[in-house]
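Below: one structure, written as structure tokens.
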2 protein chains.
Amino acid sequence: MSKSVTTGRRAGLDRDDMVATALALVEKEGPASLTMRRLATELDVTTTTVYWHVGSRDELITEIIRQQSERQAARPIEGDTPRDRVMSAARHVWDSAIENRAITSLAHQTGTTSLLEHPLEVALAREVEAAGLAGPAAADALRAILTTVGGFLVRALRDESAIPEDRRGPALWAAADVEIDPSTVAALSEAPDLASLFEATVQAVVDHHVR
Amino acid sequence: MSKSVTTGRRAGLDRDDMVATALALVEKEGPASLTMRRLATELDVTTTTVYWHVGSRDELITEIIRQQSERQAARPIEGDTPRDRVMSAARHVWDSAIENRAITSLAHQTGTTSLLEHPLEVALAREVEAAGLAGPAAADALRAILTTVGGFLVRALRDESAIPEDRRGPALWAAADVEIDPSTVAALSEAPDLASLFEATVQAVVDHHVR
DNA sequence: ACCTGAACACCGTTCAAGT
DNA sequence: ACCTGAACACCGTTCAAGT
């Protein structure tokens with residue numbers, strides 16, 4: 001019961017402890033829960049202490065993303081043809097984002113996506129080059145593939161339940177003001193199989209650059 | 001010089017005035033400038049008055065997006081083949097987003113993108129059906145195209161200057177820790193021609209569904 | 001070197017009260 | 001019906017002060 005409010009020294013925490021706690025907090029309660037005050041409470045210190053160790057919210061987030069980027073272990077590329085191996089590398093970006101929704105969302109919101117995914121992007125770049133591309137052609141292929149993957153990620157990570165019913169896509173199509181085929185409207189009302197749509201679409205983009 | 005602080009009645013403002021002022025504010029100073037307090041100042045009333053008229057920040061934004069959605073006049077679809085017309089409709093989504101960066105960013109941040117772009121999506125859906133698709137096939141084509149366009153929009157609307165140098169993509173590639181060809185690294189360091197990359201990539205996705 | 005308390009300048013939102 | 005003043009519960013950040 002020593003509530004010892006030892007005003008002053010020693011909490012025994014360093015920068016890494018704070019980043020680790022912050023990362024865990026984001027994983028457990030989502031990006032919105034990460035506030036300097038909340039993190040301080042979690043660590044049982046004052047906000048000022050957090051500032052002393054991490055600098056600012058921006059630096060904290062950069063550090064979280066940097067750590068997560070390292071944790072996203074290099075995944076083995078599969079496939080025998082360049083086409084398959086490029087596709088495999090692209091899928092790794094998708095998979096690791098899906099497996100780490102909360103932190104990936106945080107990265108998207110703070111513009112640190114490239115920092116988070118860089119190792120996986122490097123792996124993709126290697127396969128693109130192994131397919132015979134270099135220079136501007138390789139850069140274009142890389143950007144086209146990553147941008148397409150990014151589009152699917154934005155869709156997959158968006159929390160539909162956080163959006164009011166009447167602002168969601170399906171509801172808008174159901175209120176069919178115009179001449180769209182009922183069978184199409186019906187198909188649009190159902191939840192899409194994003195994973196297989198991802199496969200087909202990214203494959204099409206890959207095929208456009210690698211053959 | 002009548003600073004008449006007529007505490008109480010009559011500011012002569014209605015809901016539409018507020019939404020219009022809010023929309024103009026976002027266009028002039030960006031999505032971040034839109035706070036209830038700032039809007040109140042702009043209208044020369046109290047925050048409470050804004051709440052009385054618009055309900056909440058969420059409702060205000062929905063209304064902004066709804067109005068902008070209507071303003072985004074139906075653009076004429078060009079082209080003689082289904083392939084060209086689908087592509088033209090897809091380009092309209094891109095063009096109107098680029099022409100209205102600030103509001104589109106606001107929509108992206110608040111999950112109201114589908115509300116904003118719905119009229120243009122309907123136009124795209126019509127062309128997809130005119131190409132001979134319906135039901136699940138039409139829905140898949142639509143979603144694949146729109147998701148790809150969305151990926152490019154996220155990239156194009158991201159304010160690179162707001163991201164610290166060392167977190168940006170090019171800087172990460174320049175610090176080439178691995179075996180990537182120097183010519184590729186050089187190409188990645190230059191600003192991409194997003195518009196033409198958009199053309200080529202979306203065309204590839206369109207071709208996968210429409211032929 | 002490491003930590004606290006108090007404060008500044010912001011948020012969105014609500015409530016009781018005025019005309 | 002329409003508007004204000006004051007307040008609540010939050011933010012990120014900084015500064016002077018303690019040990």
Side-chain angles (χ1 to χ4, degrees), chain A residues 2-22 25-26 29-65 105-106 109-112 162-164 167, chain B residues 2-22 25-26 29-65 105-106 109-112 162-164 167:
Chain A
S2 61
K3 191 108 169 280
S4 73
V5 191
T6 5
T7 168
R9 321 191 94 275
R10 288 289 85 196
L13 296 164
D14 61 2
R15 191 182 161 101
D16 275 340
D17 293 324
M18 308 214 156
V19 176
T21 306
L25 179 61
V26 172
E29 303 185 33
S33 68
L34 182 64
T35 71
M36 300 304 270
R37 288 175 144 92
R38 175 66 199 279
L39 178 58
T41 310
E42 215 72 20
L43 292 161
D44 208 39
V45 293
T46 336
T47 16
T48 334
T49 305
V50 175
Y51 275 89
W52 197 90
H53 283 287
V54 304
S56 71
R57 185 167 195 270
D58 251 44
E59 287 180 58
L60 171 65
I61 289 172
T62 303
E63 207 46 50
I64 292 174
I65 302 300
S105 292
L106 179 67
Q109 286 165 24
T110 53
T112 48
I163 304 172
R167 286 191 235 166
Chain B
S2 60
K3 193 109 169 278
S4 71
V5 191
T6 5
T7 168
R9 319 192 96 277
R10 289 289 86 197
L13 297 164
D14 62 2
R15 191 182 161 100
D16 274 341
D17 292 325
M18 308 214 157
V19 176
T21 305
L25 179 61
V26 172
E29 302 186 34
S33 68
L34 182 64
T35 71
M36 300 304 270
R37 288 174 143 94
R38 176 67 199 279
L39 178 58
T41 310
E42 215 72 21
L43 292 162
D44 209 39
V45 291
T46 335
T47 16
T48 334
T49 305
V50 176
Y51 275 89
W52 198 91
H53 283 287
V54 304
S56 71
R57 185 166 194 271
D58 250 44
E59 286 179 58
L60 172 65
I61 289 171
T62 303
E63 207 46 50
I64 292 173
I65 303 300
S105 292
L106 179 67
Q109 285 164 25
T110 53
T112 49
I163 303 172
R167 287 190 235 165

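Chain A is the first sequence line, chain B the second, and so forth, proteins listed ahead of strands; every chain is numbered from 1. Just so you know, these numbers come straight off a predicted model, no measurement behind them.
Distance check on atom P: C:dA9 versus D:dC10 gives 22 Å, rounded to whole Å.
Rounding to whole angstrom units, CZ of residue B:Arg37 and C1' of D:dA6 are separated by 11 Å. When the P atom of C:dC3 is taken as reference, atom CG of A:Leu39 falls 13 Å away, rounded to whole Å. Rounded to a whole Å, the CG atom of B:Leu13 is 6 Å from the P atom of D:dC3. We find that CZ of A:Arg15 is positioned 13 Å from P of C:dC2, with the value rounded to whole Å. Computed from coordinates, the A:Met36 CE to D:dA9 P distance equals 23 Å when rounded to whole Å. Summarising the geometry, the separation between CZ on A:Arg38 and P on D:dC10 is reported as 11 Å, rounded to the nearest angstrom.
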### Message
Would B:His53 and B:Val19 count as a side-chain contact (heavy atoms from CB on, under 4.5 Å) here? Give the steps.
### Response
CA-CA 10 Å; B:His53 283 287; B:Val19 176; over 6 Å; no
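Inter-residue side-chain proximity for B:Glu63 and B:Glu59 is flagged as unmet; no heavy-atom pair is nearer than 4.5 Å. Within the 4.5 Å cutoff, the side chain of B:Thr49 has heavy atoms near those of the B:Met18 side chain. Using a 4.5 Å heavy-atom threshold, the side chains of A:Asp58 and A:Thr110 count as separate.
Under the 3.5 Å distance criterion, the side-chain polar atoms of B:Thr21 are matched with a main-chain donor or acceptor of B:Asp17. Between the side chain of B:Arg15 and the backbone N or O of B:Leu60, no donor-acceptor pair lies under 3.5 Å.
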### Task
Would you write the dot-bracket representation of DNA chain D, where each base gets (, ), [, ], | or . depending on whether it forms a Watson-Crick or G-U pair under 3.5 Å and with which partner?
||.|||||...|||||.||
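Taken residue by residue, residues 43-55 of chain B places heavy atoms nearer than 4.0 Å to DNA chain D at B:Val45, B:Thr46, B:Thr48, B:Thr49, B:Trp52, B:His53.
Remark: B:Asp44 CG is loosely packed, at most 12 non-hydrogen atoms of other residues, nucleotides or ligands lying under 6.0 Å away.
The two residues B:Ile65 and B:Leu106 have their closest heavy-atom pair at CD1-CD2, 4.4 Å.
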